[in-house]
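Starting from 1, each residue takes its place in the sequence as its number. Computation of the quantities below employed the complete heavy-atom set of this structure, encompassing side-chain atoms and omitting hydrogens, waters and symmetry-equivalent molecules.
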Amino acid sequence: MRIKKLLSAFVFASVFAVLPLNADGLTAKFVTTEAAKKDSVDESVEYIKNQIPKMTSAAEKRSAYIFLAGLQEQLSYYDDAQKSYAQAAGIAAGDADGMPKKSNERLVLDAIRCALSSGDYATADSYLNSAVRNSKNPDVQAYIKLYTQWSALCKADSVADLQEPLVMLQAYLKVESMQSLKSVILLTLWYITGDTSYSKEITQKYPASMEAAIVKGDIQMLPTPFWFFVPKSGEAEQGSGTYASDTAAVSRPDSSDSSDKATFSKWQLGLFRTESNAKLLAEEAKSKGFPAYITTEKRGSGTTYFIVLVNENAAGNMADQLRNAGYDCYAIE
């Protein structure tokens, strides 16, 4: 009987020792570590979402929301990401042990960025007009100014609507407090206007930046759908890529080998809040021989967007044809 009791005590102690608990319960460090073991990012997201309600510590829950939001943003689930960032910002607690440190002001900025990425400028504006606007942090204030103009661009329905935010962004280039974001401002101005003076300044002054890589063509343009919402007063032309050469082309897989090609069925040319703008783009693409068509999508914000699509062709080179014709596009399936 004594041996059984000792064995039972040993088993209980062993199990208790590996439980993901601290004095307050389930920890964010344990949950995020377990999430990283999942087979896909989607599975990691679902796992964390299921674990957060079980957490009793505000700090652990806050850190778990931050990690969750980062994964959702990575997957381009911008509506979900902005909500998770906002949830984290709304928790009055510090950072959990072993987790990245982030202020609530930074979390609000993350929520704004994700709201704008999904075209939800109303939610972005609500965050911009919250207590974060009174921040004493100069970096936070710089982002507030930038995101305010991005929101104005997001609302624009015509080239005429671009004038005021473009003037403000041009003015920010000369403001000392905005210098940390100058490469981002230059990229915005270049993309909207197509003025090569902005792209030249990026590559000359910020050669190692992500913005320079976009200008050169080393990174595909339009990292988020936000850019699709903005009318353009000029055509910004990317370079062919720093590493584009005949030698590089030889080392790439043969495009005729279907086993090496990604299987995308549709390419998105644009996404608009107004149907007339979508029709203009679709008609223009059709005039150049591309079988463009329009579908709609209703986002969580309640806004319906009009999406201009072109199906992949039998040769599997539709994206190359579109880009050679001057269209930005990215795969959606």
Side-chain angles (χ1 to χ4, degrees), residues 10-120 123-124 126-127 132 210 220 223-226 262-266 268 297-303 305 330-333:
F10 174 77
V11 171
F12 176 79
S14 299
V15 172
F16 185 78
V18 297
L19 284 176
L21 300 174
N22 61 13
D24 296 312
L26 196 64
T27 68
K29 186 173 178 59
F30 175 85
V31 169
T32 55
T33 299
E34 289 300 302
K37 299 176 184 178
K38 303 301 179 185
D39 292 333
S40 69
V41 183
D42 276 311
E43 288 183 32
S44 298
V45 166
E46 287 306 309
Y47 172 77
I48 297 172
K49 286 167 68 175
N50 290 332
Q51 298 306 309
I52 287 177
K54 302 175 186 177
M55 295 180 170
T56 56
S57 163
E60 301 294 342
K61 186 173 290 191
R62 177 181 182 275
S63 291
Y65 268 124
I66 294 172
F67 191 87
L68 172 63
L71 292 182
Q72 290 168 327
E73 187 173 3
Q74 177 185 332
L75 290 168
S76 299
Y77 298 159
Y78 298 112
D79 286 335
D80 292 338
Q82 66 93 356
K83 291 172 184 173
S84 295
Y85 280 128
Q87 286 273 17
I91 297 175
D95 303 292
D97 291 339
M99 297 298 290
K101 300 183 182 301
K102 209 161 198 180
S103 71
N104 280 359
E105 290 181 340
R106 293 284 181 177
L107 291 174
V108 174
L109 292 178
D110 290 336
I112 294 168
R113 182 183 63 251
C114 289
L116 288 174
S117 291
S118 64
D120 186 359
T123 297
S126 71
Y127 293 144
V132 73
M210 182 183 72
Q220 176 57 42
T224 68
F226 160 70
T263 54
F264 298 126
S265 62
K266 296 182 181 69
Q268 181 171 306
E297 177 183 322
K298 188 169 184 178
R299 294 290 177 87
S301 61
T303 305
Y305 294 103
Y330 73 93
I332 62 169
E333 288 186 18

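Expressed to the nearest 0.5 Å, how far CD of E34 lies from OG1 of T27 amounts to 9.5 Å. The distance from atom CD of Q82 to atom CZ of R113, rounded to the nearest 0.5 Å, is 11.5 Å. Taking CD of Q87 as the reference point, atom CG of D80 lies at 11.5 Å (rounded to 0.5 Å). From Y127, atom OH reaches atom CD1 of I112 across 9.0 Å, with rounding to the nearest 0.5 Å. The distance from the CD atom of E43 to the OG atom of S40 is 4.0 Å, given to the nearest 0.5 Å. For the atom pair CZ of R106 and CD1 of I66, the computed distance is 13.0 Å after rounding to the nearest 0.5 Å.
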What pairs of donor and acceptor atoms, side-chain ones from residues 90-102 against any protein atom, are under 3.5 angstrom apart with sequence neighbours left out?
residue	atom	partner	partner atom	Å
D95	OD1	R62	NH1	2.9
D95	OD1	K102	N	3.2
K102	NZ	D110	OD2	2.6

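When every heavy atom of Y78 is checked against every heavy atom of C114, the shortest pair comes out as CB-O, 3.4 Å. Shown here for V31 and Y47, the closest heavy-atom pair between the two residues is O-CE2, 3.3 Å. Of all heavy-atom pairs between V41 and Q74, the closest is CG2-NE2, 3.8 Å. A28 and S63 get closest at one heavy-atom pair: CB-CB, 3.9 Å. Listed here is the closest heavy atom pair of A89 and N104: O-ND2, 3.1 Å.
Of the charged side-chain nitrogens involved, none lies within less than 4.0 Å of a carboxylate oxygen, so that K29 and E60 do not count as a salt-bridged pair.
When side chains are defined from C-beta on, I52 does not count as touching F67, because their heavy atoms never get closer than 4.5 Å. Side-chain contact between V45 and K49 is present, with at least one heavy-atom pair separated by less than 4.5 Å.
Between the S44 side chain and the A35 main chain, a donor and an acceptor come within less than 3.5 Å of each other. Looking at S118, its side chain does come within 3.5 Å of a backbone N or O of A115 through a donor-acceptor pair.
Counted by atom type alone, Y85 and Q72 present zero donor-acceptor pairs between their side chains at under 3.5 Å.
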